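I have placed the structure first, in the form of structure tokens, so that the comments after it can refer back to it.
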There are 4 protein chains.
Amino acid sequence: MEEPAAPETARHERADSAANHERILAAARDVFARRGLDAEIKEIADRAGVGVGTLYRHFDSRDGLLRALILQTHDDLLQRLRAAADTQDAADALRAVIHAATDVYRQFGALTEVALAGRLDHLRPDGHEELTAAFTGLLRRGVADGTFRADLDIPMMIAALESVFTSGKVVRLVAERGYAGAAAAISDFFLHACLAASADPGRARST
Amino acid sequence: MEEPAAPETARHERADSAANHERILAAARDVFARRGLDAEIKEIADRAGVGVGTLYRHFDSRDGLLRALILQTHDDLLQRLRAAADTQDAADALRAVIHAATDVYRQFGALTEVALAGRLDHLRPDGHEELTAAFTGLLRRGVADGTFRADLDIPMMIAALESVFTSGKVVRLVAERGYAGAAAAISDFFLHACLAASADPGRARST
Amino acid sequence: MEEPAAPETARHERADSAANHERILAAARDVFARRGLDAEIKEIADRAGVGVGTLYRHFDSRDGLLRALILQTHDDLLQRLRAAADTQDAADALRAVIHAATDVYRQFGALTEVALAGRLDHLRPDGHEELTAAFTGLLRRGVADGTFRADLDIPMMIAALESVFTSGKVVRLVAERGYAGAAAAISDFFLHACLAASADPGRARST
Amino acid sequence: MEEPAAPETARHERADSAANHERILAAARDVFARRGLDAEIKEIADRAGVGVGTLYRHFDSRDGLLRALILQTHDDLLQRLRAAADTQDAADALRAVIHAATDVYRQFGALTEVALAGRLDHLRPDGHEELTAAFTGLLRRGVADGTFRADLDIPMMIAALESVFTSGKVVRLVAERGYAGAAAAISDFFLHACLAASADPGRARST
DNA sequence: AATGAATGAGGCTTCATTCAT
DNA sequence: TATGAATGAAGCCTCATTCAT
């Protein structure tokens with residue numbers, strides 16, 4: 001009703017706004033990833049190339065922005081982990097999951113910590129369960145088909161996996177061995193920890 | 001026994017002051033552990049039962065207090081890990097190390113993170129190297145005597161170990177399984193990851 | 001007249017901000033002048049009609065503000081003294097210098113003290129030398145042309161002049177005799193102290 | 001009653017206390033003179049070699065101590081100025097007064113400022129009038145006997161004199177010329193400013 | 001009476017959020 | 001709608017004063 005004769009302008013504005021929205025999210029990911037969750041709003045706005053007022057038009061508060069990012073990180077993570085976990089062979093699936101998580105960590109840095117650490121229950125009830133379920137399914141499948149050892153302590157295995165991606169160690173590993181090297185090292189380590197003793201030891205070798 | 005002939009009166013005030021010093025340190029450990037490193041000075045002072053001025057008489061600044069605690073945590077950790085690492089059998093030693101670290105984490109919470117995370121280089125140069133060395137020595141010994149597998153990726157193993165104690169997962173594990181249960185689960189997991197294939201699988205079982 | 005073709009809208013915010021900047025400076029001059037250099041930031045902000053945060057947007061710290069004011073006072077003083085010292089006749093020039101300094105003191109109060117007292121070497125190296133040079137030039141000129149006595153102790157004369165404007169006595173004199181009366185009394189006094197004996201005694205009389 | 005058999009001890013304690021009293025006053029003079037009136041209580045107590053508690057037993061508050069010192073400075077100053085002003089010849093008397101004031105300034109530093117600046121009306125009503133009266137009497141006497149010029153602006157002359165001792169310039173002069181040189185320079189300057197034109201110009205020369 | 005550790009009000013400064021332009 | 005200047009609550013720290021020893 002209000003934009004009868006200028007759909008193009010109106011659409012353009014929306015496009016601008018949407019672009020700003022994305023730029024703010026990207027900037028926030030970047031800044032939170034590098035500076036940690038205490039980063040200042042001003043730095044995010046600057047990096048996004050907008051004023052703080054604009055940032056607040058898109059997100060109602062600092063916590064609102066953080067929440068949006070954490071949920072987004074969580075969603076992204078969950079989707080990629082689920083996809084990776086679908087890989088046929090359980091050992092390959094675990095490797096794929098670890099590669100995916102390494103990549104997410106590279107992108108989301110400190111945000112991964114919260115998304116993965118099981119502290120987001122107040123943001124998304126069952127958020128952590130969803131992630132856990134993805135891992136659990138994969139591990140159970142591997143145990144069932146004899147790929148993983150029968151006495152594997154699945155919650156402990158998941159805790160260890162989450163720890164590596166939550167502790168900041170990945171950045172160090174990536175810095176020392178590069179992205180592929182870090183993912184390979186992590187994969188090998190965890191495969192050793194969970195492969196059945198009878199399994200071909202070669203399976204713990206990375207590609 | 002320690003001060004057999006100590007005069008009681010002249011030194012009493014100092015004893016009070018020393019007691020306050022300890023109470024402040026304890027309160028700070030507690031509050032930093034629970035609230036994280038952003039905790040407020042006032043809360044620490046309150047919990048110690050002293051005024052902020054008293055806290056500042058004992059520690060020159062917020063950062064000074066934090067630094068003291070982190071160094072103390074680091075020292076405590078280092079000492080206990082070295083002691084545990086001395087255990088004869090390499091597998092037993094690894095278990096002892098993990099039990100010790102679990103205990104330190106329980107006491108120092110969030111402070112363990114910094115002390116263990118390799119971010120204290122500006123506080124104590126080579127601080128992280130000292131910790132790493134303690135782990136490395138133990139693992140090399142185990143590899144040398146055939147307890148651990150020959151192809152063990154020692155840096156990765158250490159990274160994973162540090163991660164578990166740095167990520168906050170330990171509190172969750174302790175909450176779910178109790179102190180002994182958590183330490184046992186962690187031990188079992190890491191032993192599985194590093195024991196030689198020929199080793200008695202039963203060794204990965206906790207006591 | 002000053003900005004004939006200035007666009008009005010785009011620059012308006014800046015004009016507001018600049019106005020605040022000036023209001024803060026003016027308020028700070030006022031408050032420091034009356035309350036001394038220990039005045040509280042809050043009082044300055046209040047008097048400027050802004051919040052403390054705004055004050056800190058314009059000046060990075062209490063000392064930054066003070067520094068800016070002292071340098072400004074010094075610059076103002078130096079410029080006006082130099083201009084007055086240019087007056088043809090040396091006796092008239094001294095009178096003009098004293099009138100100018102009286103006016104500066106009226107405006108800057110306690111700030112004049114620091115600007116004139118030779119304590120700003122860390123803010124502006126040679127700051128005091130610049131002021132001294134302005135006085136010295138004038139006095140030497142008067143001695144050279146026979147207006148001032150040949151044995152005039154120039155450093156002592158300058159010290160006495162600076163003292164009067166540095167000691168707070170000027171405010172009292174102004175209060176008692178008004179601005180013109182105070183300047184005249186100071187001028188007469190110092191002319192008596194430096195005029196050559198042969199000089200027409202009437203020259204020490206003010207206008 | 002309580003000290004029947006040990007008058008010596010009792011007297012000794014009083015002597016100790018009195019000694020402390022003096023040491024605190026001396027330390028306070030020293031510290032206030034050097035650091036200015038914002039000096040910290042702790043520094044004074046340290047320099048006096050007593051605890052802050054002892055300082056507070058002798059002076060009810062920081063302001064109480066400051067008040068005592070200012071009044072003491074004022075009394076000392078007044079007494080010495082009066083004595084000096086009694087000198088027969090008015091010119092000699094002015095010189096004596098200036099020497100005395102230089103000496104007081106050397107001893108009391110920043111305290112002289114307040115004692116001389118006429119800001120102590122709330123501490124001692126008419127305090128400033130007493131000082132002014134001492135100067136005024138001397139100057140009137142000189143004018144009456146023809147030593148000083150008839151048109152001397154006595155309040156202005158006094159203001160200038162007070163200024164020199166109030167502005168901190170004396171320390172600089174003393175630093176550059178030594179104690180005797182500074183006093184001589186100040187004397188010469190002020191004598192030039194007030195001596196009668198017919199007077200022997202040589203009288204403005206210092207000893 | 002002397003000591004100095006303890007106290008806490010009050011100052012300076014930061015930064016999330018608001019709002020006039 | 002975008003901007004960024006303005007705001008002020010809240011945290012850190014200092015130091016005059018009190019008080020237990």
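Labels below follow one simple rule: chain letters A, B, ... track the order of the sequence lines, proteins then strands, and each chain is numbered from 1. The structure presented is a predicted model; accordingly, all values stated were derived computationally and were not measured.
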Specify the separation, in whole Å, of atom OH of Tyr56(A) and atom P of dT7(F).
17 Å
Whole-Å distance between dT3(F) C1' and Asp46(A) CG?
12 Å
I need the single residue from Glu22(D), Arg23(D), His21(D) that forms a side chain to side chain donor-acceptor pair (under 3.5 Å) with His58(D). Which is it?
His21(D)
What is the distance from CD1 of Ile41(A) to P of dT3(F), rounded to the nearest Å?
15 Å
Atom CD1 of Ile44(C) to atom P of dT13(E): distance rounded to whole Å?
11 Å
Counting Watson-Crick and G-U wobble pairs with both distances under 3.5 Å, what is the dot-bracket string for DNA chain E, 5' to 3', using [ ] for crossing pairs and | for pairs to another strand?
.||||||||||||||||||||
What's the CZ-P distance between Arg35(A) and dC15(E), to the nearest Å?
12 Å
Is there a residue in residues 59-72 of chain A whose heavy atoms reach under 4.0 Å of DNA chain E, and which residues are they?
Ser61(A), Arg62(A)
Whole angstroms only, please: what is the CZ-C1' distance between Arg57(B) and dT18(F)?
13 Å
For the pair made of CD1 in Ile24(D) and C1' in dT3(E), what is the distance, rounded to whole Å?
12 Å
Short side-chain N/O contact from His58(C) to OP1 or OP2 of dA6(F), under 4.0 Å:
yes
Worked verdict on Leu111(B) versus Gln72(B) for side chain to side chain contact (heavy atoms under 4.5 Å, CB included):
CA-CA 10 Å; Leu111(B) 289 167; Gln72(B) 179 186 293; over 6 Å; no
Residues pairing under ring-ring contact (aromatic ring centres under 6.0 Å, His included) where one sits in residues 32-53 of chain D, two or more places apart or in two chains, turn out to be none
For Arg47(C), the salt bridge (charged side-chain N to carboxylate O under 4.0 Å, His left out) test, sequence neighbours excluded, returns Asp30(C)
Short side-chain N/O contact to dA6(E) OP1/OP2 from Asn20(B), under 4.0 Å
yes
Tabulate protein N/O versus nucleotide N/O from nucleotides 8-10 of chain E, keeping only pairs under 3.5 Å, one per line.
| from | atom 1 | to | atom 2 | distance (Å) |
| --- | --- | --- | --- | --- |
| dG8(E) | N7 | Gly53(B) | N | 3.4 |

Taking side chain as C-beta onward, heavy atoms only, is Leu123(D) less than 4.5 Å from Val114(D)?
no
Nearest-0.5 Å distance, CG of residue Leu37(D) to CD of residue Glu113(D):
7.0 Å
Residues forming a salt bridge (charged side-chain N to carboxylate O under 4.0 Å, His left out) with Glu43(C), sequence neighbours excluded
Arg35(C)
To the nearest angstrom, the CG-C1' distance between Asp38(C) and dC15(F) comes to 14 Å
Compare all side-chain heavy atoms of Leu25(C) with those of Leu69(C) and state whether any distance is below 4.5 angstrom.
yes
Taking all non-hydrogen atoms of both residues, which atom of Ala33(C) and which atom of Gly109(C) are closest, and how far apart?
CB-CA, 3.8 Å
SB check Asp75(D) Arg124(D) (cutoff 4.0 Å):
yes
Can you see which heavy atom on Lys42(C) is nearest to which on Val52(C), and at what distance?
CD-CG1, 4.0 Å
